[in-house]
Amino acid sequence: MIKVKYMQELPKSYDPKQVEGKIYGFWEKSGFFNPDKLPAPKDEQKKNRKKPYTIVIPPPNVTGSLHMGHALQHTIHDILIRRKRMQGFKTLWLPGTDHAGIATQRAVEKELKKEGKTKFDLGKEEFIKRVWQWKETYGNKILDQLKKLGSSCDWSRTRFTMDKEYSEAVNEAFMHYYKKGWIYRGKRVVNWCVGCRTSLSDLEIEFSEEKGHLWYIKYPVGDSEEFIVVATTRPETMLGDTAVAVNPKDERYKNFVGKRARLPLTNREIPIIEDRLVDKGFGTGAVKVTPAHDLNDAEIGQRHSLEAIQVIDERGRMSQNAPAPYQGLSVLEAREKIVADLRGLGLLEKIEDYLHQVPKCYRCNSTIELIPSEQWFLKMGELAKLAKNAVKSGKTKFAPKRWEKVYLDWMNNIKDWCISRQIWWGHKIPVEGSEDVLDTWFSSALWPFAAMGWPKNTDDLKNFYPTDTLCTARDIINLWVSRMIFSSLEFMKDVPFKTVLIHPTVLTRDGKRMSKSLGTGIDPLELCERYGADATRFGLTWHLTGNQDIRFIEDNIVMGKKFCNKIWNASRFVMMQLPGEMELPKKISAKIPTNKEIIKALEKTVASLDKSLDSYEFGQAARTLYNFFWHDFCDVYIEKAKNQSDEETKKTLLYTLSASLKMLHPFVPFITEEIYQILPIKNRGGILMVENWPKK
RNA sequence: GGGCACUUGGCGCAGUUGGUUAGCGCGUCGCGCUUACAUCGCGAAGGUCGUGGGUCCGAAUCCCUCAGUGCCCACCA
């Protein structure tokens with residue numbers, strides 16, 4: 001008896017551990033993650049047969065391990081790609097990793113530190129060898145973790161941003177800009193991380209609010225007994241002052257303008273000048289000008305041909321240009337001493353508490369100093385124009401649309417991009433004498449086409465470029481997305497992707513950021529371990545609404561687990577009802593009212609599901625499926641079907657179940673594939689992953 | 001300083017063009033081991049939809065005010 005056989009074979013509850021590894025291997029063996037190996041399309045899929053659907057992964061850092069944001073992001077990726085695959089598209093999800101210059105260099109330095117060494121002990125060449133070793137050992141960890149989630153990437157196409165071919169693409173891109181005159185070298189005041197000892201772009205800086213002070217310092221004017229008082233949060237920079245500036249409309253200082261102030265603690269005299277950048281309302285309305293250590297002051301300095309005296313060096317210490325007593329002191333030590341000395345001289349008028357934004361390195365959290373430094377820059381003018389037009393014209397669309405504004409605002413206020421970094425791990429700038437490497441984002445900006453083999457005109461570029469959907473987090477819209485857009489427009493003469501899908505940020509239950517260091521992170525792999533990958537995926541999908549944030553609750557994953565169990569048991573029931581192997585009908589024209597009803601509800605569900613997915617409403621899609629399967633199918637229809645043993649009902653049960661499995665597959669791929677493989681279907685195509693997506 | 005988003009039963013959230021008794025998951029309380037599932041079924045309690053106005057025959061849903069929360073951008077020393 002078939003009936004008995006299936007009951008004995010299938011456990012009463014679904015056990016992901018027995019299924020997931022096995023099924024993933026089954027998929028990999030099929031080769032169908034690779035678009036070139038997809039089976040010939042079936043009739044229903046033919047209209048899409050040659051159309052590609054492509055996603056490139058936002059390449060995770062080789063230092064990374066899977067966090068909640070990744071889990072959410074790749075669940076979305078996999079839902080998109082699996083559905084398109086079932087619809088007959090040639091689907092490519094191209095995976096890979098980013099060499100992540102600073103982050104990786106730091107990880108290896110940390111490892112060296114445990115051995116009591118620094119990178120200087122090894123020397124540059126040995127150090128880079130060591131980083132490669134590290135990459136070979138740990139670099140693919142995150143990709144393996146993606147497999148646990150069920151991600152259907154084409155692993156045969158895995159790329160790394162420092163692969164030989166990829167590096168050649170980076171050089172090509174650099175030289176292209178260079179020859180065009182868009183890359184220039186110059187000494188500018190740049191963001192300098194004293195921890196990493198490298199320059200950083202504006203986007204690589206995070207501000208942290210700190211309680212500080214506003215010191216009011218008296219600068220004696222000329223030979224008189226008069227003072228001009230300046231307010232500053234950073235007294236130590238006064239050693240590099242080369243002017244005091246006031247607003248031209250500020251009547252209070254009219255008789256000071258043109259005179260010279262005597263800079264305390266030094267024996268220098270500096271001019272008192274007028275500049276429109278000065279805000280009358282802040283502090284005293286008179287500002288000390290330090291062109292070497294402040295961007296505004298650099299601008300004022302340029303306008304008035306002021307000297308820039310660098311008093312802070314690359315280690316964050318007071319330089320040889322500072323008066324002897326302060327040389328070698330750290331910035332904070334110098335600040336303390338200077339304040340004390342000023343007080344001693346009676347030149348400190350008052351101190352106010354002041355809350356200000358202190359710039360920190362996004363990788364090592366050290367304080368950022370602004371110092372003049374020789375760097376390479378990419379001119380952004382023309383590129384920004386290209387990038388703006390692509391979005392304004394709708395060639396690339398953001399979803400949700402509101403993120404377009406974030407992108408356009410940044411493009412409208414863009415400055416030239418400092419692309420050189422003074423670290424060892426990365427793409428060396430391909431110009432003689434230069435020891436610098438490129439900003440890691442310079443190479444990831446080329447990802448959509450360089451990962452497909454550019455500058456060679458490869459088949460992949462012909463077949464799969466431009467890509468369709470880029471799905472990523474909002475915090476790298478400008479750091480990465482915008483730079484891919486202008487790079488692609490410049491090198492490929494086309495946008496890199498048609499849609500940018502910005503997914504929400506996963507927060508803790510109380511709305512806090514999930515972070516390892518704060519101990520607020522939840523490990524998605526642990527959730528997969530406890531509840532199963534399908535449950536984790538479904539629970540996360542359930543969370544997806546149009547909001548900017550998600551407050552993660554584990555209850556949703558529990559719900560996902562229960563749902564999987566429901567799918568499992570409904571399937572067991574259907575199998576019990578079947579006499580043995582059965583032909584799966586292509587269509588049901590039901591005559592019995594209950595059967596008619598469920599078929600109608602099924603059709604409605606397919607339509608609603610398609611609508612939701614086409615507009616990226618994944619949470620809505622999950623709810624639609626859940627309600628249909630649990631309530632319409634299980635609670636109502638199956639209960640009624642228990643009283644019906646006719647042939648039409650059996651067919652309807654099998655038909656509805658298999659259609660449900662297809663619809664559910666992109667969301668919960670493991671369990672649906674497992675059940676599909678067990679179902680006694682005579683004319684089963686083979687693998688659910690490439691079966692037809694249901695049509696209403 | 002500018003911008004974006006959020007504020008719905010104990011908790012986390014749906015409610016896309018305004019329209020009959022505002023839904024879901026978890027939790028709570030009853031009753032059920034009925035031959036797929038107790039990771040279940042049936043039923044119940046529980047909501048002035050942040051505040052104050054406005055538009056409308058009618059608003060959680062549109063407009064304005066205010067308040068709270070979170071995030072992003074910004075050169076205010």
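Proteins get letters first, then strands, A, B, ... in listed order; numbering begins at 1 in each.
Considering only residues two or more places apart in sequence or on other chains, A:Glu404 meets the salt bridge (charged side-chain N to carboxylate O under 4.0 Å, His left out) condition with A:Lys401.
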Please tabulate, one pair per line, each protein N/O and nucleotide N/O from nucleotides 26-29 of chain B that are separated by under 3.5 Å, including the distance.
unit_1: B:rC26; atom_1: OP1; unit_2: A:Lys562; atom_2: NZ; d: 3.4
unit_1: B:rC26; atom_1: O2'; unit_2: A:Asp555; atom_2: OD2; d: 3.2

Kindly give the atom pairs (protein nitrogen or oxygen, nucleotide nitrogen or oxygen) under 3.5 Å for nucleotides 43-45 of chain B.
none

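When heavy atoms are screened at a 4.0 angstrom cut-off, A:Trp215 is found touching no nucleic acid atom at all. Within 4.0 Å (heavy atoms only), A:Trp542 reaches sugar-phosphate atoms of the nucleic acid but no base atom. Among the protein residues, A:Cys564 comes within range of no part of the nucleic acid, since none of its heavy atoms lies under 4.0 Å from any strand.
Sparse packing is recorded around CD of A:Gln302, with 12 or fewer heavy atoms of other residues, nucleotides or ligands lying under 6.0 Å away. The local environment of NZ in A:Lys360 is crowded, with over 12 non-hydrogen atoms from other residues, nucleotides or ligands closer than 6.0 Å. Within a 6.0 Å radius of CZ in A:Arg513, other residues, nucleotides and ligands contribute 12 heavy atoms or fewer. Applying the 6.0 Å contact sphere to NZ of A:Lys218 captures more than 12 heavy atoms from other residues, nucleotides or ligands. Other residues, nucleotides and ligands contribute at most 12 non-hydrogen atoms within 6.0 Å of the CD atom of A:Glu336.
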Could you write nucleotides 71-77 of chain B as a row of B, S and -, 5' to 3', where a protein heavy atom under 4.0 Å of any base atom gives B, of only sugar-phosphate atoms gives S, and otherwise -? S---BBB
Per-nucleotide protein contact string for nucleotides 14-20 of chain B, where B marks a base within reach and S marks sugar-phosphate only (heavy atoms under 4.0 Å, - for neither): S-B----
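Contact check on A:Arg234 versus A:Glu369 returns a salt bridge, with a Lys/Arg side-chain nitrogen under 4.0 Å from an Asp/Glu carboxylate oxygen. Between A:Glu647 and A:Lys650 there is no salt bridge, since no side-chain N of the basic residue sits under 4.0 Å from a carboxylate O of the acidic one. A salt bridge links A:Lys415 with A:Asp202: the distance from a Lys NZ or Arg NE/NH1/NH2 to an Asp or Glu carboxylate oxygen falls below 4.0 Å. Using a 4.0 Å cut-off between a side-chain N of Lys or Arg and a carboxylate O of Asp or Glu, A:Arg623 and A:Glu617 do not qualify as a salt bridge. Ion pair A:Arg530/A:Asp523 not flagged as a salt bridge, since none of the NZ, NE, NH1 or NH2 atoms sits closer than 4.0 Å to an Asp/Glu carboxylate oxygen.
When the C1' atom is used for both B:rC40 and B:rG50, the distance is 39 Å, rounded to whole Å. Taking the P atom of each, B:rG12 and B:rG27 are spaced 16 Å apart, rounded to whole Å. B:rC29 sits 36 Å from B:rG18 when the C1' atoms are compared, rounded to a whole Å. Taking atom C1' in both B:rC66 and B:rU51, the straight-line distance is 7 Å, to the nearest Å. Taking atom P in both B:rC49 and B:rA59, one finds a spacing of 12 Å when rounded to whole Å. The same atom, C1', is picked in B:rC13 and in B:rC31; the two are 29 Å apart, to the nearest Å. Using atom P as the reference point in both B:rG19 and B:rG58, the two lie 14 Å apart (nearest Å). Distance check on atom C1': B:rG9 versus B:rC26 gives 13 Å, rounded to whole Å.
Between the P atom of B:rC37 and the CD atom of A:Glu639 lies a distance of 11 Å, rounded to the nearest Å. Look at CG on A:Leu679: it is 13 Å from C1' on B:rA36, rounded to the nearest Å. A straight line from CZ of A:Phe573 to C1' of B:rG41 spans 14 Å, rounded to a whole angstrom. Rounded to whole angstrom, the span from the CG atom of A:Asn565 across to the P atom of B:rU39 amounts to 8 Å. At whole-Å resolution of the value, CD1 in A:Ile638 and C1' in B:rU34 are 15 Å apart. One interatomic measurement links the two molecules: CD1 of A:Ile678 to C1' of B:rA36, which rounds to 14 Å at whole-angstrom precision. Atom P of nucleotide B:rA36 and atom CZ of A:Phe633 are separated by 13 Å, given to the nearest angstrom. One interatomic measurement links the two molecules: CG of A:Asp510 to C1' of B:rC6, which rounds to 16 Å at whole-angstrom precision.
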Note, RNA chain B 5' to 3' with Watson-Crick or G-U pairs under 3.5 Å encoded as ( ), [ ], | and . gives (((((((..((((.....[...)))).(((((.......))))).....(.(((..]....))).))))))))....
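Taking only distance into account, the side chain of A:Lys12 never meets the base of B:rC37 through a donor-acceptor pair shorter than 3.5 Å.
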Between A:Gln577 and A:Thr649, does a side chain to side chain contact (heavy atoms under 4.5 Å, CB included) hold up when you go through it step by step? CA-CA 9 Å; A:Gln577 303 305 305; A:Thr649 299; over 6 Å; no
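Residue A:Arg402 places none of its side-chain N or O atoms closer than 4.0 Å to OP1 or OP2 of B:rC4.
A donor-acceptor pair is defined here as one N or O able to donate and one able to accept, closer than 3.5 Å; such a pair exists between the side chain of A:Asn191 and the backbone of A:Leu200. When atom types are taken as modelled, the side chain of A:Asp534 and the backbone of A:Ile671 share a donor-acceptor pair closer than 3.5 angstrom. Between the A:Asp241 side chain and the A:Ala243 main chain, no donor and acceptor come within less than 3.5 Å of each other.
Residues A:Lys388 and A:Asn412 share a closest heavy-atom pair of NZ-OD1, 2.9 Å.
Among the nucleotides B:rA36, B:rG3, B:rG41, the one closest to the side chain of A:Lys405 is B:rG3.
The six-membered or imidazole ring of A:Phe618 lies away from that of A:Trp542, with a centre-to-centre distance of 6.0 Å or more.
Heavy-atom nearest nucleotides on RNA chain B were determined for A:Asn556 and for A:Ile550, and the one closer to the 5' end corresponds to A:Ile550. Nearest-nucleotide positions on RNA chain B for A:Lys561 and A:Arg509 put A:Arg509 closer to the 5' end.
Considering A:Lys640, A:Lys651, A:Glu648 as possible partners of A:Asn595, the one that fulfils the side-chain hydrogen bond (donor to acceptor under 3.5 Å, both in side chains) test is A:Glu648.
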